[in-house]
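Working notes for the structure below.
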Amino acid sequence: MAARENVSLVFKLYCLLVMTLVAAAYTVLLRYTRTVTTEMYFSTTAVCVAEVIKLLLSVVILAKETGNLSRLFTSLKENVLGSPVEMLKLAVPSLVYALQNNMAFVALSNLDAAVYQVTYQLKIPCTALCTVLMLNRSLSKLQWLSVFILCGGVTLVQYSPAEATRVQIEQNHWLGFGAVAVAVLCSGFAGVYFEKVLKSSDTSLWVRNIQMYISGIIVTLAGVFLTDGEGVLEKGFFYGYNYLVWIVVLLASVGGLYTSVVVKYTDNIMKGFSAAAAIVISTIASVLLFGLQISMLQFSYISCILLFLNDTQV
């Protein structure tokens, strides 16, 4: 098992700030583009473009890490063309992440951003279970208690979903919750699987990202034509894109890269702070942008989830 590299507190705080802002902005803007725009873009193409951008950014960062183009090409040749087994190994999380990202679009087309953010925190117990089963780690009684409190709170949110007053499409809350459930399972499994692969060797983080994103592009491109092929051929790959959609794609790309950095270099305390802050920001933004109305029950639950996310480490 490769030892985890030490990083400075400043770097951790920087990652915390960026993750929080990206997560909140991505959720709110994605919700906005899926509910108040007239020419609806194909969500599968947005997921695919995000994978391409993440691949390009990872290659640029690896080039800086290796120092020159000759070393970059050597590294790519050895770790991509010359490592089919490793490529296949990283194809697993890329497939699961592709499904997760597509489910986020389905969920935010049918749920308010704040409800999505809170419900999506079910990824915490899912990740906890995957961590115990796949990484052979143990959790304290306090951590497991927090997990069960979270599950109960999410159930309350499901039975009294908040309503938005300024959306222009028909919404199906149960479809949204179903999509969140799939995304939660994908997040828990893929995150722990990627962590296991990443920390079991000294291979560069950016090499691992490149391996994963190449598979991700193939998977998401297949998803485009299997799901929206007819529409894409008729209207075009970038139909319905505007500057807001491109911002969503860029946020998804940056968020994906920072997720890998967090898995590699930081701990789950920072993940908790980031998730908690993102919930607050998304809720406030949803009230202002979409006229979201939250009940006292939901407000109380959001307050509770903030407390245990900041006080526990899953």
Side-chain angles (χ1 to χ4, degrees), residues 1-5 7 12 15-16 19 22-23 47 51 54 58 85-104 107 117 119-148 150-151 154 179-216 219 252 255-276 278 305 308-309 312-314:
M1 178 72 69
R4 183 161 66 180
E5 301 177 41
V7 294
K12 289 188 176 184
C15 288
L16 170 61
M19 282 188 63
V22 167
V47 174
E51 291 297 305
K54 285 188 284 187
S58 295
V85 175
E86 294 300 311
M87 288 291 294
L88 187 61
K89 188 186 298 183
L90 270 297
V92 175
S94 67
L95 174 61
V96 179
Y97 275 133
L99 178 59
Q100 174 193 333
N101 292 333
N102 278 287
M103 287 300 101
Q117 279 281 30
T119 309
Y120 188 56
Q121 298 316 307
L122 275 173
K123 67 181 180 180
I124 295 175
C126 184
T127 301
L129 183 60
C130 289
T131 298
V132 171
L133 296 178
M134 297 171 63
L135 299 181
N136 296 318
R137 294 178 185 170
S138 60
L139 301 179
S140 69
K141 293 180 180 179
L142 178 60
Q143 290 170 329
W144 281 118
L145 176 62
S146 298
V147 165
F148 287 117
L150 177 59
C151 292
V154 169
V180 171
V182 175
V184 161
L185 294 174
C186 291
S187 176
F189 172 77
V192 176
Y193 182 98
F194 185 57
E195 179 181 356
K196 186 173 183 178
V197 172
L198 202 57
K199 294 181 179 178
S200 62
S201 72
D202 293 323
T203 304
S204 166
L205 165 65
W206 305 108
V207 167
R208 290 301 193 190
N209 277 342
I210 290 170
Q211 292 171 335
M212 185 166 64
Y213 296 146
I214 289 176
S215 300
V219 169
L257 293 178
Y258 270 89
T259 296
S260 64
V261 171
V262 167
V263 170
K264 177 72 174 179
Y265 297 115
T266 65
D267 52 40
N268 287 285
I269 292 178
M270 191 170 73
K271 289 182 184 179
F273 274 111
S274 178
I305 195 175
F308 96 77
L309 279 173
T312 56
Q313 178 177 258
V314 176

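All heavy atoms count here, side chains included; hydrogens, waters and symmetry mates do not.
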Residue pair [X] / [Y], side-chain heavy-atom distance below 4.5 Å:
{"X": "F194", "Y": "N209", "value": "yes"}
{"X": "T203", "Y": "E86", "value": "no"}
{"X": "S58", "Y": "L257", "value": "yes"}
{"X": "L129", "Y": "F189", "value": "no"}

How many angstroms lie between atom [atom1] of [X] and atom [atom2] of [Y], to the nearest 0.5 angstrom?
{"X": "L185", "Y": "M103", "atom1": "CG", "atom2": "CE", "value": "11.5 Å"}
{"X": "S215", "Y": "I210", "atom1": "OG", "atom2": "CD1", "value": "12.0 Å"}
{"X": "S260", "Y": "Y97", "atom1": "OG", "atom2": "OH", "value": "8.5 Å"}
{"X": "S200", "Y": "E195", "atom1": "OG", "atom2": "CD", "value": "10.5 Å"}
{"X": "M134", "Y": "T127", "atom1": "CE", "atom2": "OG1", "value": "10.5 Å"}

Nearest non-hydrogen partners of [X] and [Y], listed with the distance:
{"X": "Q100", "Y": "S187", "result": "OE1-CA, 3.4 Å"}
{"X": "L99", "Y": "C186", "result": "CD2-SG, 3.6 Å"}
{"X": "C126", "Y": "G188", "result": "SG-CA, 3.9 Å"}
{"X": "V47", "Y": "A98", "result": "CG1-O, 4.4 Å"}

Exercise for review: Verify side chain to side chain contact (heavy atoms under 4.5 Å, CB included) between Y193 and V92, making sure each step is shown before the conclusion.
Suggested key: CA-CA 9 Å; Y193 182 98; V92 175; 3.8 Å; yes
Practice item. Tell me, please, which residues at least two apart from S94 pass side-chain hydrogen bond (donor to acceptor under 3.5 Å, both in side chains). Key: none
**Study point:** Trace of the side chain to side chain contact (heavy atoms under 4.5 Å, CB included) decision for V261 with W206
**Key:** CA-CA 9 Å; V261 171; W206 305 108; 4.0 Å; yes
